[in-house]
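First comes the structure, then the notes that go with it.
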Number of protein chains: 2
Amino acid sequence: MSRVLVVDDDVQLLRALRITLRAAGHEVVTAPDGTTALREAAAAHPDVVVLDLGLPDLDGTEVLAGLRPWFTGPVLVLSARADSRDKVDALDAGADDYVTKPFDMDELLARLRAVVRRRPDTPGEPVVVTEHFTVDLAARQVTVDGVPVRLTPTEWALLSELVRASGRLVGQRQLLQSVWGPAYETETNYLRVYLAQLRRKLEPDPAHPRYLHTEPGMGYRFTP
Amino acid sequence: MSRVLVVDDDVQLLRALRITLRAAGHEVVTAPDGTTALREAAAAHPDVVVLDLGLPDLDGTEVLAGLRPWFTGPVLVLSARADSRDKVDALDAGADDYVTKPFDMDELLARLRAVVRRRPDTPGEPVVVTEHFTVDLAARQVTVDGVPVRLTPTEWALLSELVRASGRLVGQRQLLQSVWGPAYETETNYLRVYLAQLRRKLEPDPAHPRYLHTEPGMGYRFTP
DNA sequence: AGGCGTCTTGACGGGTCCTTGACGCCCGCC
DNA sequence: GGCGGGCGTCAAGGACCCGTCAAGACGCCT
């Protein structure tokens with residue numbers, strides 16, 4: 001699911017966290033102290049850091065300060081100290097959440113989920129660019145030679161389905177099902193009509209498609 | 001700094017929160033129960049919601065569920081229940097943080113800062129300028145050719161939703177949900193009526209919109 | 001209570017989009 | 001060489017959606 005760097009000097013807890021996080025589908029990297037934590041963070045490029053404040057070498061806030069200038073992902077702080085002053089300091093130092101030991105494992109996982117959830121920071125590239133046109137999935141806009149082109153809802157549904165599978169072949173049954181619904185699996189007519197419309201709007205030479213290819217008997221393929 | 005919607009039925013606490021948040025530089029909107037909370041959230045467009053789970057009318061998780069489909073900002077949950085099961089449920093329902101009562105006010109503020117920090121929702125300029133009119137999201141003001149224009153609350157909610165998504169297409173369902181609430185998803189009539197009003201007030205030639213474009217069957221798009 | 005502005009609701013005309021059928025072409029197969 | 005299936009193209013009908021207008025309902029302020 002995502003790569004987690006766990007920083008803690010308690011070997012017992014580290015073991016437990018590693019097992020639990022693995023079971024939850026995460027990739028786990030561990031560090032027993034602050035210096036290795038900083039090194040591992042730079043080397044392993046984790047998506048999220050779970051950081052204990054009580055470390056043998058460095059103070060936890062120092063680790064946080066060393067992390068924050070370049071690490072943009074969420075940091076979840078663990079600490080035995082329940083004083084709200086400590087919480088405020090850690091949160092203002094850049095922590096995204098603060099959990100006091102002892103903690104419930106399910107709660108930690110939930111907080112981890114919450115903190116990771118709002119981080120689709122690099123959700124791949126939501127815009128596909130070719131030599132002749134661009135498709136912006138997020139903005140729902142297509143431009144050909146820089147000028148916006150209007151697509152009808154069906155045209156858009158079909159195109160986005162193909163673009164999302166960029167390079168891969170999409171079976172006609174799958175296309176029909178996802179655009180028109182399960183009851184239209186056999187209406188291959190629709191595909192021919194709408195593929196033609198898309199080609200007319202997007203392809204430089206609609207008669208000889210360069211991007212929207214037909215695989216006879218199987219389906220269609222968008223090649224960037 | 002940012003607009004906070006505080007939902008709590010405890011008048012005492014509400015007062016305290018309002019004062020503290022104001023002092024911290026926030027704009028505060030309050031709601032004493034779930035239904036007004038949902039209405040206020042749609043009307044006031046808060047940047048962040050502080051939500052007590054113990055409400056007189058609706059269950060807090062219901063409010064959360066009503067909020068989440070369209071409200072993208074952070075939600076900080078307050079609760080008297082410290083059971084980690086409740087925390088997990090709330091966090092997985094879309095809450096960004098969970099604070100148990102009684103809580104330290106400084107800690108709440110710090111958690112609020114942490115949770116807001118993550119949201120570069122309207123990065124930089126909260127004012128959109130076109131050749132014919134300007135929209136100031138923060139000041140809630142629209143000027144056409146330099147003269148201020150009065151917008152009704154609904155008109156403003158609709159316009160700000162479109163302007164916030166500047167360039168991106170906003171589905172009619174999403175618009176209806178965020179302006180009128182989840183129960184109005186099918187009332188596409190409203191969109192037609194209010195889009196016409198906005199065009200009449202903003203567009204140089206309302207019959208041929210230059211900024212507020214219609215994408216038939218899908219939604220509307222504001223293009224600067 | 002009255003008046004005003006705002007929101008809701010309904011109806012209508014015009015335009016767009018989806019559906020559907022027919023036709024010709026190309027290819028592989030008999 | 002003839003044949004059939006799959007594909008591309010075109011056009012027309014009808015359903016759906018949008019813009020527009022106006023009247024009624026509602027809440028708020030005076």
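Numbers restart at 1 for each chain; the letters A, B, ... are given by sequence-line order, proteins then strands.
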Interatomic distance, [X] [atom1] vs [N] [atom2] [rounded to whole Å]:
X	N	atom1	atom2	answer
A:Leu195	D:dC7	CG	P	10 Å
B:Glu203	D:dG19	CD	C1'	14 Å
A:Leu212	D:dG8	CG	C1'	14 Å
A:Arg200	D:dA11	CZ	C1'	11 Å
A:Met218	D:dG6	CE	P	14 Å
B:Leu191	D:dC18	CG	C1'	11 Å

Considering the options A:Arg173, A:Gln174, A:Gln172, A:Arg168, which one meets the side chain to side chain contact (heavy atoms under 4.5 Å, CB included) requirement together with A:Val170?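 Exactly one option meets the side chain to side chain contact (heavy atoms under 4.5 Å, CB included) with A:Val170, and it is A:Gln174.
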Nucleotide-resolved protein contact map, nucleotides 14-27 of chain C, B/S/- at heavy-atom distance under 4.0 Å: ---SBBB-------
Have a look at B:Glu215 and say if it touches a base, only the backbone sugar-phosphate, or nothing, with a 4.0 Å heavy-atom cut-off. nothing
Counting any heavy atom closer than 4.0 Å, what does A:Thr214 reach on the DNA or RNA strands: base, sugar-phosphate only, or nothing?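 Counting heavy atoms under 4.0 Å across all strands, the contact made by A:Thr214 is with sugar-phosphate only.
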With sequence neighbours excluded, residues passing salt bridge (Lys or Arg N to Asp or Glu O under 4.0 Å) with A:Asp96: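 A:Asp96 satisfies salt bridge (Lys or Arg N to Asp or Glu O under 4.0 Å) with A:Arg68, B:Arg118 only.
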Take B:Leu159 and B:Leu151 through the side chain to side chain contact (heavy atoms under 4.5 Å, CB included) test and state the conclusion after the steps. CA-CA 9 Å; B:Leu159 178 65; B:Leu151 293 188; 3.8 Å; yes
How many angstroms lie between CG in A:Leu76 and CG in A:Leu5, if you round to the nearest 0.5 Å?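 Atom-to-atom, A:Leu76:CG and A:Leu5:CG are 12.0 Å apart.
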Once you round to the nearest 0.5 Å, how far does CE of B:Met105 lie from CD1 of B:Ile19?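 The distance works out to 9.0 Å.
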With under 30° as parallel and over 60° as perpendicular, where do the rings of A:Phe133 and A:Phe222 fit, or are they tilted in between?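 A:Phe133 vs A:Phe222 ring planes: tilted.
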Can a side chain N or O of A:Tyr220 be found less than 4.0 Å away from OP1 or OP2 on D:dG6?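 For A:Tyr220, the contact criterion (side-chain N or O under 4.0 Å from OP1 or OP2 of D:dG6) is not met.
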